[in-house]
Amino acid sequence: DAGVIQSPRHEVTEMGQEVTLRCKPISGHDYLFWYRQTMMRGLELLIYFNNNVPIDDSGMPEDRFSAKMPNASFSTLKIQPSEPRDSAVYFCASSWGREQPQHFGDGTRLSIL
Amino acid sequence: SQQGEEDPQALSIQEGENATMNCSYKTSINNLQWYRQNSGRGLVHLILIRSNEREKHSGRLRVTLDTSKKSSSLLITASRAADTASYFCATVPNSGGYQKVTFGTGTKLQVIP
């Protein structure tokens with residue numbers, strides 16, 4: 001079975017550019033989560049969806065961040081404009097039910113110069 | 001402070017020894033989950049223990065849960081170099097609705113061959 005697929009695996013871009021991270025969850029999972037991981041702040045939940053509907057976006061740091069889930073098999077996390085402090089590893093995870101284990105992708109390592 | 005804090009932050013042991021990691025949390029939970037993260041990869045679910053369970057085993061892993069003390073421990077027996085990774089606990093609140101799952105700060109385990 002295919003796991004959670006994230007793209008790109010690495011992204012290096014200049015400050016001010018728009019960045020789009022993509023995620024394909026596991027088929028049949030009804031929850032999708034976006035996390036950010038840094039050495040300083042650990043693993044932070046940014047936003048999560050249930051049946052394609054955003055439920056809690058209180059972790060989204062600023063209006064520069066936005067996330068969408070147009071259908072059950074695809075989600076995007078967009079940063080516009082990007083800043084150096086956005087540099088981190090961004091993970092997408094999905095689960096069948098809120099209480100069930102989450103399945104993580106291998107992340108996108110984002111570097112903003 | 002953050003729900004789900006692991007202790008110790010880092011642990012270094014010799015191959016063959018046992019490794020014990022602890023997790024403390026603050027609110028009432030439905031279940032608690034342990035995850036492993038290898039360097040450069042996403043988190044991988046290891047084991048889930050429900051609030052009405054006290055102990056659970058999976059291969060060389062043993063997890064205990066003490067809801068009165070709001071704490072859990074993960075024991076890895078007969079450790080191997082391949083167990084080198086970061087380990088996280090995650091708590092699923094018992095309040096129902098859309099209360100979010102919270103990950104702890106992690107324990108970095110190094111197993112020396």
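Below, chains carry the letters A, B, ... as their sequence lines are ordered, and counting in each starts from 1.
- Between Phe91(A) and Phe88(B), the distance from one ring center to the other does not fall under 6.0 angstrom.
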Go through Phe103(B) and Gln37(A) one step at a time and tell me if the side chain to side chain contact (heavy atoms under 4.5 Å, CB included) criterion holds. CA-CA 11 Å; Phe103(B) 283 81; Gln37(A) 187 176 42; over 6 Å; no
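- Across every non-hydrogen atom of Val101(B) and Leu45(A), the tightest pair is O-CD2, 4.4 Å.
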Report the C-alpha distance between Asn31(B) and Glu99(A) in whole Å, list the side-chain angles of each, state the deciding distance to 0.1 Å, and finish with yes or no for side chain to side chain contact (heavy atoms under 4.5 Å, CB included). CA-CA 7 Å; Asn31(B) 70 67; Glu99(A) 300 164 357; 3.8 Å; yes
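- Of the atoms belonging to Leu48(B), it is side-chain heavy atoms, and not backbone ones, that fall under 4.5 Å from chain A.
- Sparse packing is recorded around CZ of Arg109(A), with 12 or fewer heavy atoms of other residues, nucleotides or ligands lying under 6.0 Å away.
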Side chain to side chain contact (heavy atoms under 4.5 Å, CB included) between Phe33(A) and Lys100(B): does it pass, once the steps are laid out? CA-CA 10 Å; Phe33(A) 306 83; Lys100(B) 53 192 175 186; over 6 Å; no
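- Between Pro101(A) and Gln33(B), the shortest heavy-atom distance links the atoms CA-OE1, 3.5 Å.
- Of the atoms belonging to Tyr35(A), it is side-chain heavy atoms, and not backbone ones, that fall under 4.5 Å from chain B.
- No more than 12 heavy-atom neighbours from other residues, nucleotides or ligands sit within 6.0 angstrom of CG on Asp63(A).
- Counting heavy-atom neighbours within 6.0 Å of Arg54(B) CZ, excluding the residue itself, gives a total above 12.
- The local environment of CZ in Arg9(A) is crowded, with over 12 non-hydrogen atoms from other residues, nucleotides or ligands closer than 6.0 Å.
- Around the CD atom of Gln9(B), the shell of radius 6.0 Å holds no more than 12 heavy atoms that belong to other residues, nucleotides or ligands.
- Atom CD of Glu14(A) sits in a sparse spot, with 12 or fewer heavy atoms from other residues, nucleotides or ligands closer than 6.0 Å.
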